[in-house]
Number of protein chains: 2
Amino acid sequence: MKRNLEPITYKADTKALAKFAKALAHPTRIAILNYLDKQSCCFTGDLVDVFPLAQSTISQHLKELKNAGLIQGELKSPKIKYCINQENWNTAKTLFQQFFE
Amino acid sequence: MKRNLEPITYKADTKALAKFAKALAHPTRIAILNYLDKQSCCFTGDLVDVFPLAQSTISQHLKELKNAGLIQGELKSPKIKYCINQENWNTAKTLFQQFFE
DNA sequence: TTTGTTTATCGCCAATAGACGATTGATTTA
DNA sequence: TAAATCAATCGTCTATTGGCGATAAACAAA
């Protein structure tokens, strides 16, 4: 983007909602979250088997979900167990509910 | 993106949800929808006054919301009145509800 | 210590997104 | 008809996204 001289300010909720929406804006990430919800948790490797995508690509998607706060990782050497971050998940849920009334 | 040889297939709901999420993945578009909801409808020009963005930029955001089906335009010469598309809005609402349980 | 396993990161590339100004097209109004 | 108004589109620019393979890093096991 070229600018902006006076950057736009949005309400906190607006920004938060947009951030969550962005994390959900790719079918693979939706599918990952659905899978996670079903299994309650999973390892990166599981997803690599489930989706026809390179391991690095899966890792990127997980990173984005983690940055958005929707998931969290826990080291279970030598693997990493990913789970839904319930607290932020509920925050997102509430924000979407409010948004749609 | 570079590829994919065998493109991934997702469930219809997954794709639909990702598409709606993508439309919501920018704070300006969230704000536009909030504004639209308050006013029930509005003209492009109204938004240009509300947001410190070029008219063409606003128009682009409206186009994306329209492509996602969340809003619809009606010609009220010489202006265009934009409203929420209730049917698709409800579809989106349901998809997000289901997704978050 | 070396090897194997697992995941994250890096570098690269193409495509998309988001911003702008300028122009176009449609329609009203003078 | 001419001028004004309004919104969409075009062209351009830069940043970000999404994909890959290759490499690095962390750790367990041999």
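Reckoned from all heavy atoms, side chains included, excluding hydrogens, waters and symmetry mates. Every chain is numbered from 1, with letters handed out A, B, ... down the list of sequences.
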Next item on the list: Name every residue in residues 22-51 of chain B that has at least one heavy atom under 4.0 Å from any atom of DNA chain D, in order of residue number, or write none if there are no such residues.
Entry: B:Phe43, B:Thr44, B:Gly45
Next item on the list: Give, for atom CG of A:Asp46 and atom CZ of A:Phe51, the distance between the pair rounded to the nearest 0.5 Å.
Entry: 11.0 Å
Notebook entry, point to check: What parts of residues 59-72 of chain B reach DNA chain C, counting only heavy atoms under 4.0 Å away?
Noted result: B:His61, B:Glu64
Next item on the list: Between A:Leu75 and A:Ala54, just flag the one whose closest nucleotide in DNA chain D comes earlier from the 5' side.
Entry: A:Ala54
Check: In Å, rounded to the nearest 0.5 Å, how long is the span from CD1 of B:Ile80 to SG of B:Cys41?
Finding: 13.0 Å
Next item on the list: Would you state whether a donor and an acceptor, one from the side chain of B:Ser56 and one from the base of C:dG21, lie under 3.5 Å apart?
Entry: yes
Checklist line | Value rounded to 0.5 Å, distance of CG in B:Asp13 from CD1 in A:Ile30 | finding: 10.5 Å
Margin query: Of the listed nucleotides (D:dA22, C:dC20, D:dC20), which one gets closest to any side-chain atom of B:Thr57?
Written below: C:dC20
Check: Just by modelled atom types, is the B:Ala18 backbone N or O under 3.5 Å from a matching donor or acceptor in the A:Arg29 side chain?
Finding: no
Check: With a cut-off of 6.0 Å (strictly less than), are more than 12 heavy atoms of other residues, nucleotides or ligands near CD of B:Glu87?
Finding: no
Checklist line | Interface residues of residues 79-88 of chain A with DNA chain C (non-hydrogen, below 4.0 angstrom) | finding: A:Lys79, A:Ile80, A:Tyr82
Notebook entry, point to check: Side chain of A:Asp37, backbone of A:Leu33: donor and acceptor closer than 3.5 Å?
Noted result: no
